[in-house]
Amino acid sequence: MTAVAALSVRRLHPQAQIILVMDEPTARAIDRDNHALRKIVTGIVVRSTGTEDPCVGARYLRTILRQLIKGDYLYLDSDTVAVRPLDRGWPNGADLAVARDRNQWGITPLALPGVEKLRAKLGWEFRMDRYLNAGVMFVRDTPAAHAFYAEWHWRWKQALSLGMWQDQFSFNSVIATGTATIAILPDRDNWVTHSTVMLRGRARIFHFFASLYGDEIPASTLLGHLTNRFQRDGTLDEATIASATKDNFPWMDNVRLKHLLASGLYLRAAGLVAPSIIRRIRRKFSLWAHARLLTRD
């Protein structure tokens, strides 16, 4: 999956500097299996995280990333697929640029219990009008950005002591402190594929939220298809990415109405529901006609 994410960037920008940051167990696995990632990326940074838990280790690394990379950078989760150029269109004058989480205009219902727990236990504050997603971030190399990450890492460790390994709670709590200036990216820059919100624009980065699917991304998603193809023959299916980009549609099959609406494919959505609507009309008309006959009798 990470190889696919990196190759999707390489497809758009052959000369891009792609840095892979990983913990020691992952580095050992890549060396042991002679994984293709070493040839795909420009450089690899390995850091000890003090844990063998991949979820905890990944959040440890993400919260110290600003201290590991020089210069401005675009951070991408490994469950993303870049489909349009990434070398322009990022905000000027902000220390960090991030998109809203799951395209909501406030704290998402799933996050609210965790937010309330951290408010009660640690006295953290959160902005009620926004909850931002840390899976895609454009980060400047500024003192304020470094200070933001230092505070983020510290708060993440506090939350971890309460059994909460997720780093997005601490991320959003630091935003509320005003440590750094934050720009809000359009949804297209972090196009959450399972969201049913409509009119999100033409995607630049599809984000699949792999944790929702368990151990294996379904082949019905673009990411699942690309991952299976890479596992099979070690190549990126560029033709399918091009088609998904053109249609703004990151699914392969088992398409549901919400997928079509989310992508703005309203004619296809109408075609999907029209037979069902017609059947309902016919059924209701049949029942009405039957009731009329009974009334006459």
Side-chain angles (χ1 to χ4, degrees), residues 2 5-6 9 13 16-24 26-27 41-51 54-78 80 82 86-101 111 114-115 118 122-127 130-162 164-186 189-190 205 207:
T2 304
V9 175
H13 304 287
Q17 185 178 18
I18 302 176
I19 306 298
L20 178 63
V21 179
M22 67 178 74
D23 59 9
E24 291 174 328
T26 305
V41 301
T42 311
I44 293 178
V45 175
V46 180
R47 283 293 181 274
S48 172
T49 62
T51 178
C55 291
V56 175
R59 273 63 185 185
Y60 181 101
L61 293 173
R62 185 157 67 172
T63 57
I64 66 169
L65 197 60
R66 178 63 281 178
Q67 282 70 42
L68 301 179
I69 306 297
K70 293 182 179 180
D72 300 345
Y73 64 79
L74 173 65
Y75 167 80
L76 298 177
D77 270 353
S78 60
T80 57
L86 306 172
D87 57 349
R88 54 186 177 271
W90 304 105
N92 295 317
D95 300 301
L96 291 89
V98 287
R100 296 180 186 274
D101 187 67
V115 165
L118 291 166
L122 300 176
W124 289 359
E125 294 297 328
F126 294 83
R127 290 192 57 164
R130 65 176 60 167
Y131 190 76
L132 304 181
N133 181 267
V136 175
M137 292 186 285
F138 187 78
V139 184
R140 300 287 184 184
D141 194 354
T142 63
H146 282 264
F148 182 98
Y149 269 73
E151 183 66 18
W152 184 15
H153 185 63
W154 168 248
R155 291 189 179 218
W156 171 74
K157 289 195 293 186
Q158 286 183 295
L160 184 63
S161 71
L162 299 176
M164 302 172 69
W165 54 265
Q166 301 90 338
D167 61 0
Q168 206 153 272
F169 296 121
S170 49
F171 179 74
N172 278 275
S173 75
V174 181
I175 289 173
T177 67
T179 301
T181 56
I182 309 295
I184 307 298
L185 294 174
D189 288 336
N190 191 353
I205 300 167
H207 190 179

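Note that the structure is a prediction, hence the values are computed from the model and not measured.
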(message) Can you tell whether the side chains of R140 and D95 come within less than 4.0 Å, N to carboxylate O?
(response)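 Here R140 does not pair with D95 in a salt bridge, since their nearest N and O are not under 4.0 Å apart.
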
(message) Are more than 12 heavy atoms, taken from residues, nucleotides or ligands other than Q67, located less than 6.0 Å from that residue's CD atom?
(response)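 For Q67, atom CD is crowded (more than 12 foreign heavy atoms under 6.0 Å).
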
Quick one: list whatever passes side chain to side chain contact (heavy atoms under 4.5 Å, CB included) with [X], sequence neighbours left out.
{"X": "A5", "answer": "T80"}
{"X": "Q158", "answer": "L122, W124, W154, R155"}
{"X": "S78", "answer": "M1, T2"}

(message) Applying side-chain hydrogen bond (donor to acceptor under 3.5 Å, both in side chains) to Y131 and N133, what does each step give before you reach the verdict?
(response) CA-CA 7 Å; Y131 190 76; N133 181 267; over 6 Å; no

(message) Over 60° means perpendicular and under 30° means parallel, so tell me whether Y73 and Y149 are parallel, tilted or perpendicular.
(response)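 Ring orientation of Y73 relative to Y149: perpendicular.
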
If you round to the nearest 0.5 Å, how far is [atom2] of [Y] from [atom1] of [X]?
{"X": "D141", "Y": "D72", "atom1": "CG", "atom2": "CG", "result": "6.5 Å"}
{"X": "I182", "Y": "R130", "atom1": "CD1", "atom2": "CZ", "result": "8.0 Å"}
{"X": "Q168", "Y": "W152", "atom1": "CD", "atom2": "CH2", "result": "8.0 Å"}
{"X": "I184", "Y": "L96", "atom1": "CD1", "atom2": "CG", "result": "10.5 Å"}
{"X": "T63", "Y": "E151", "atom1": "OG1", "atom2": "CD", "result": "11.5 Å"}
{"X": "S170", "Y": "K157", "atom1": "OG", "atom2": "NZ", "result": "11.5 Å"}

Which heavy atom of [X] sits nearest to which heavy atom of [Y], and what is that distance?
{"X": "I205", "Y": "W90", "result": "CD1-CH2, 4.4 Å"}
{"X": "W156", "Y": "W165", "result": "NE1-O, 2.8 Å"}
{"X": "T42", "Y": "A16", "result": "OG1-O, 3.3 Å"}
{"X": "G93", "Y": "T181", "result": "O-OG1, 3.7 Å"}
{"X": "A94", "Y": "A183", "result": "CB-CB, 3.6 Å"}
{"X": "L65", "Y": "V21", "result": "CD1-CG2, 3.4 Å"}

(request) Start with the C-alpha distance between L132 and N172, add both sets of side-chain angles, then the distance that settles side-chain contact (heavy atoms from CB on, under 4.5 Å), and finish with yes or no. (result) CA-CA 7 Å; L132 304 181; N172 278 275; 3.8 Å; yes

Distance-only, no hydrogens or angles: does the [X] side chain make a donor-acceptor pair with backbone N or O of [Y] under 3.5 Å?
{"X": "E24", "Y": "T49", "answer": "no"}
{"X": "R59", "Y": "L160", "answer": "no"}
{"X": "D23", "Y": "S48", "answer": "no"}

(request) Test side-chain contact (heavy atoms from CB on, under 4.5 Å) on F171 and V98 and set out the steps. (result) CA-CA 11 Å; F171 179 74; V98 287; 3.8 Å; yes

(request) Indicate yes or no: at least one non-hydrogen side-chain atom of L185 is less than 4.5 angstrom from one of P91. (result)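 Heavy-atom side-chain distance check passes, below 4.5 Å.
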
(message) For a 4.5 angstrom cut-off between non-hydrogen side-chain atoms, does V45 reach M22?
(response)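 Side-chain contact under 4.5 Å: no.
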
(message) Which residue is it: V136, N190, I18? I am looking for the one with a side-chain contact (heavy atoms from CB on, under 4.5 Å) to L76.
(response)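 Of V136, N190, I18, side-chain contact (heavy atoms from CB on, under 4.5 Å) with L76 is met by V136 alone.
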
(message) Distance alone, cut at 3.5 Å: any donor-acceptor contact between the side chains of D167 and H153?
(response)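 H153 and D167 do not have a side-chain donor-acceptor pair below 3.5 Å.
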
